[in-house]
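Right, one structure below, let's go through it.
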4 protein chains.
Amino acid sequence: MGEPAAKTANAPAGTAADVPADAPADAPADAPQRGRPRSHRAHQAILAAASDLLLNRGLSAVSMDVVAERAGVSKATIYRWWPTKESLALEALFSEWSAVQPAVRDTGSLRDDLVSLIRPWARLVGSRPYGAVIAQLIAAAQADPAFAAEYRRRFVEPRREAARAALQRAEERGEIPADVRIEVALDLIYGPIYHRLLHGHEAVTDRFVKEAIDMALNGIRGRSGPATA
Amino acid sequence: MGEPAAKTANAPAGTAADVPADAPADAPADAPQRGRPRSHRAHQAILAAASDLLLNRGLSAVSMDVVAERAGVSKATIYRWWPTKESLALEALFSEWSAVQPAVRDTGSLRDDLVSLIRPWARLVGSRPYGAVIAQLIAAAQADPAFAAEYRRRFVEPRREAARAALQRAEERGEIPADVRIEVALDLIYGPIYHRLLHGHEAVTDRFVKEAIDMALNGIRGRSGPATA
Amino acid sequence: MGEPAAKTANAPAGTAADVPADAPADAPADAPQRGRPRSHRAHQAILAAASDLLLNRGLSAVSMDVVAERAGVSKATIYRWWPTKESLALEALFSEWSAVQPAVRDTGSLRDDLVSLIRPWARLVGSRPYGAVIAQLIAAAQADPAFAAEYRRRFVEPRREAARAALQRAEERGEIPADVRIEVALDLIYGPIYHRLLHGHEAVTDRFVKEAIDMALNGIRGRSGPATA
Amino acid sequence: MGEPAAKTANAPAGTAADVPADAPADAPADAPQRGRPRSHRAHQAILAAASDLLLNRGLSAVSMDVVAERAGVSKATIYRWWPTKESLALEALFSEWSAVQPAVRDTGSLRDDLVSLIRPWARLVGSRPYGAVIAQLIAAAQADPAFAAEYRRRFVEPRREAARAALQRAEERGEIPADVRIEVALDLIYGPIYHRLLHGHEAVTDRFVKEAIDMALNGIRGRSGPATA
DNA sequence: GTTTAAGCGAGACGGTACGTCCAGTCTTTCA
DNA sequence: TGAAAGACTGGACGTACCGTCTCGCTTAAAC
C-alpha cells in the first residue's frame, strides 16, 4: 500500500519492501541512494495522466505513447516503473480510490455491517465509468495470472476480507449457523453486484444493493438447508 | 429476415441459425436473391478460424489479418459481414456453443429446474478457456453499447429467461413467495457463478454451483428476512 | 473514330476493325447482331461519370467502383467495354474534346497556319485541369505500350499530322528549306508547349505560344545551319 | 539544416547530400543531437530498395509495404522520413543520379556549352527506364503542388539554370540578340527532348539531340523572324 | 413461340496497398 | 544512475480499389 510495489523494488525511500540484500548492514532504512533520484514529479504526472485517460476514455485509451506525452515524460521512464499499461492503469485507479477505503464498522448486526461496508463502494463503483474500467481490468487479468493476482490483492480481497470478518463475528454471535460456508456466502454477497456492474443488464441502485444483501442474508442465515436432496 | 443480412443479424436470435429456404411453404418468396450468392465456405472458414484463435489464444489474438489468412479469405470479406473483431468473436463463440442450448425442464421442483439448467452451463463455462473469453467479451462490451446488447441478447438473456420461467412456475406453485423480486433473484442465482468465473478467486466446481444455488434459493424462499429497512 | 474500338471489336456497326473471320463471306459490313443490344444509355452514363471524375478530381479518382456507382451501372459492364480505367479515361477525355478538332486552314503562311492550328488547342489544354489529366495519361502510357499507342493515335498524331501538312506545304512553297527534318521541326513546335504544360514551371499563355512558335519557325527556316562543326 | 530533418529537406538542394557534421568549424554547434540517432543503415536500405523497385518496375511498384520489407525496415520508419511514396521515389532517383551533376563548361561557344551540358543528360535519361520514371513523377506532381515544386527544384531547375547561364554568357558575347526571351529559349531547348522522352513517339538519339539543339539555336539567334505580330 | 445468346445490374470475393497507431526496445545526451 | 528524447521493429487497424466471379433478369434475333 505505502509504495505500491510495481515491477520489482521501486521504493528505495522508506518502508522498503525489498531492501537490497547487500545493504551496508547497519545503515538501517536508508538505501545508499546512488545516481539521480527518482523524479517524484514524473511519477505523479504519469499517474495523473493515466487516471485521466482511464476514467474518461477507458483502458484502451491508456497507451504508453499518449500517457508519456501528456505527462511530459519519456516512454522509457514509464516502462522503468510499470511493466504494462494494465499495471499502470491498476495503480492509477487504485490511487484514485485511495480515499474510499473499505471502512468496516462493527454495528452488532451483520446486515448493518454489510450495508455500511458495501453501499458506499457500490455507489462509487456504480457511478460510471468505474464499471467499465473494472471490466477492462478483469479482462486484462484473464491473460496474465500475475496481474490477476495483483488486481485481486488490491481491489477484491480487502473488501472481501472486511465482509469475511463481519460474517465471522456474526457466526460467533450465533446470528448465522456455524456451518455456513463463508467463501460461498461472500460470493453470494458480492456476486450479484458485480454481475450487474459488469453485464449492465440493470442499474446498480441503492435499492438493488439493499434487496440483494437482504436476500443473500436470508440465504446465508439458512433456516432449513436444501428442501430436497 | 429472409436474406437481407448485412452486418448485424446475420444469425438469428436464439434458435435455428439458417432456416432452410423451403421451410414454411407459405413464406412470401421473400428475397429475390440478387447478385452473387454469399460463399458458405468462406463464412464457415472465417468462423472456424476465429473460434480456433479465440479459444486457444484469446480475444486479442482474433485479429482480422490473422483470421483472414487462416480462413483463406480476404479481410474485406470479413468486414463485409462483421463490423468488428469482437462481433466476429461473439458469433464464433455462439456457433461453438450452438449445441449447448439452455434446455429447461419442468421437474416440479425449483431447485431441480435450476440445477438442470445451470449445472451443464457452469461446467462448460468453467472449463477453460471460456471464462477468459467471456471476460474479454464483457470488457469489449463496456465501450460499445450495441455490442453489449448483442452479447446480452445471445449469451445472457436466454439463460436468464429460462431461469425466470422456472421462478415464475415456482411462484405459481407457491414454492416461493409471490412478492419475490424476480430480477434480483436472478442476479442472486447467476451472480455468484459469474463472479468466480470472471475473478477467478476460486474454481467453479460442481459443489460450488450446488451450494450457491441452494443458498440463493434459501434467500429467495425468504420469509424470515428483515421486514423493514 | 466512328466507334472508338475499345477492347476488341465492339464496333459491330460500320468500319469493323475486326470482322470475325468466319463472316458469311458476302455479308459485307453487317455483323449478325445477336443477343441483347448494347445499352446506349449505360455507355453514355459511364463516359459522363468518367469525364466528370477525370476533370474534377483527376485520373486517380476514376475508379471503376465509383464510376459504376455514379453511372448506375455494374462494374462488369464497364469491364466489358474498357479493359482498364486508363482506357476509359482516354475515351472520356476524347469524347469531351470531340468539339475541338484540329482544324487546319491553309492561309498561305506557315506561321499563320500553325498559329491557327495550335493556339485554340493551347488555350484549351492550358486551361486547367487538362494539363494534369494529360500528364496522368502519359504516365499511364509508360507502363502499357498498347495504351501509349492509343493515346498517341488519338491525341498526338492528329495535331502532329496537321502541322506536318502545313510544313510540307511551306516546303513546297519554298518558305522553308527542302532539307528540313520535319519530325524534328514538329518536336520543336510542340515540345515547348508540352514542356510547360506538364512541368508547370511557367504558364502557357497566348504570348508564350506566339513567341515559341516564332522562335521555332526561325529555327526551322534555317538561314545558316550550325555555325560551327 | 543541421539535423532537424523531418519530412522534407532531408537532402539538400542540389549539392552535397550529407555534409559531414565536422565541416565548417565555425558552424554554431547547431543541433544538440538528442535522442537516438537516426539509423544510417536503415536510411540507405530504404533508398536502395526504392531505387531498385523504381527503376525495374516503375513508380507504381514502389509501395511502402514492399520497400519496407525489402529494406528490412518497418513502414513507420519510412513514413517518419518521407510523407509519400512519391517523395521517396524522388529522393531515390535523385540519389541514383548524384553522380551525373549538371556540369557546365564555358567553351566560348553557346552551342558547345549546350551540347556538353545536355548530351550526357539526354543519354542518361533516354536510356530506359528513366523516361518512364520521370513521366510518372510528373504525373504525381499534377495532384500535389508541393511535390511538383520539389521535383522542379531538384530535377529541372539545376539544368535549366546551367543552360540559362550559358545563354547569358552568349548574350554578353553578342552571340545571341540582347532581346531574346531567355525563358522561352530554355523551353525551346529542353521542350523537344522532354517531348520525345515522355511521349515516346520517337527515340531520343544523339543525332536528334544535336539537331534539336541546332534548330533551337537557329531560332534563338533569330534576326529574321517576323518583326510584328 | 420457343430457343439461344448476349447485355446488364447486383454484389460477393481474393488480393494488395494504403496511412495510422501502439507496444516495446534501444541508443544517445544531459542532469 | 535516472530521465528525456526520440529512432526503430513489428504488427494490427479499417478503408479503398482492382479485377474476377456468380447469379438472375432482360432483350432481341434465330430457329
Side-chain angles (χ1 to χ4, degrees), chain A residues 12 33-39 41-43 60-68 71-81 83-85, chain B residues 6 32-39 41-43 60-69 71-81 83-85, chain C residues 32-39 41-43 60-69 71-81 83-85, chain D residues 6 32-39 41-43 60-69 72-81 83-85:
Chain A
Q33 185 70 10
R34 303 230 311 158
R36 179 172 174 174
R38 176 172 185 178
S39 160
R41 190 217 126 258
H43 197 77
S60 70
V62 182
S63 79
M64 294 305 216
D65 291 74
V66 173
V67 170
V73 140
S74 94
K75 277 204 293 178
T77 301
I78 307 181
Y79 278 107
R80 175 174 297 277
W81 302 110
T84 64
K85 66 172 191 160
Chain B
Q33 176 67 9
R34 307 229 287 170
R36 176 175 175 173
R38 179 172 183 177
S39 160
R41 189 217 127 256
H43 196 76
S60 70
V62 182
S63 79
M64 294 306 214
D65 288 76
V66 173
V67 170
E69 191 188 337
V73 139
S74 95
K75 272 205 292 178
T77 299
I78 307 182
Y79 277 107
R80 173 171 294 277
W81 301 109
T84 64
K85 65 175 193 158
Chain C
Q33 182 70 8
R34 304 230 313 159
R36 176 176 176 173
R38 178 172 185 176
S39 158
R41 190 217 126 256
H43 196 77
S60 70
V62 182
S63 77
M64 294 304 214
D65 290 76
V66 173
V67 169
E69 192 190 336
V73 139
S74 96
K75 275 203 294 177
T77 301
I78 307 181
Y79 277 108
R80 175 172 297 277
W81 301 110
T84 64
K85 67 171 193 162
Chain D
Q33 178 67 12
R34 306 229 289 169
R36 177 175 174 174
R38 178 172 185 178
S39 160
R41 189 217 127 256
H43 195 77
S60 69
V62 182
S63 79
M64 294 305 215
D65 289 76
V66 172
V67 169
E69 192 189 334
V73 140
S74 95
K75 272 204 293 178
T77 300
I78 306 182
Y79 278 106
R80 174 171 294 277
W81 301 109
T84 63
K85 65 174 192 160

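Just so it is clear, the structure is predicted and the values come from calculations on it, not from any experiment. Chain identifiers are assigned alphabetically (A, B, ...) following the order of the sequence lines, protein sequences preceding nucleic acid strands; residue numbering begins at 1 within each chain.
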Could you write nucleotides 5-11 of chain F as a row of B, S and -, 5' to 3', where a protein heavy atom under 4.0 Å of any base atom gives B, of only sugar-phosphate atoms gives S, and otherwise -?
BBBSBB-
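- When the C1' atom of F:dA4 is taken as reference, atom OH of A:Y79 falls 16 Å away, rounded to whole Å.
- Rounded to a whole Å, the CG atom of C:D65 is 15 Å from the P atom of F:dT15.
- Evaluation of the side-chain contact (heavy atoms from CB on, under 4.5 Å) rule for B:S39 yields B:R41, B:A42 as partners, not counting sequence neighbours.
- Distance, C:E69 CD to E:dA10 P: 11 Å, rounded to whole Å.
- Rounding to the nearest 0.5 Å places OG of C:S63 at 8.5 Å from NZ of C:K75.
- To the nearest angstrom, P of E:dA17 lies 13 Å from CD1 of D:I78.
- Here the closest non-hydrogen pair linking C:M64 and C:K85 is CE-N, 3.6 Å.
- Mapping B:S60 and C:S60 onto DNA chain F via the closest heavy atom, the residue that lands nearer the 5' end is B:S60.
- Considering only residues two or more places apart in sequence or on other chains, A:T77 meets the side chain to side chain donor-acceptor pair (under 3.5 Å) condition with A:S74.
- Closest to the C:V66 side chain, of the nucleotides E:dT20, F:dC17, F:dT15, is F:dC17.
- When rounded to the nearest whole Å, the span between CE of D:M64 and P of E:dC21 equals 15 Å.
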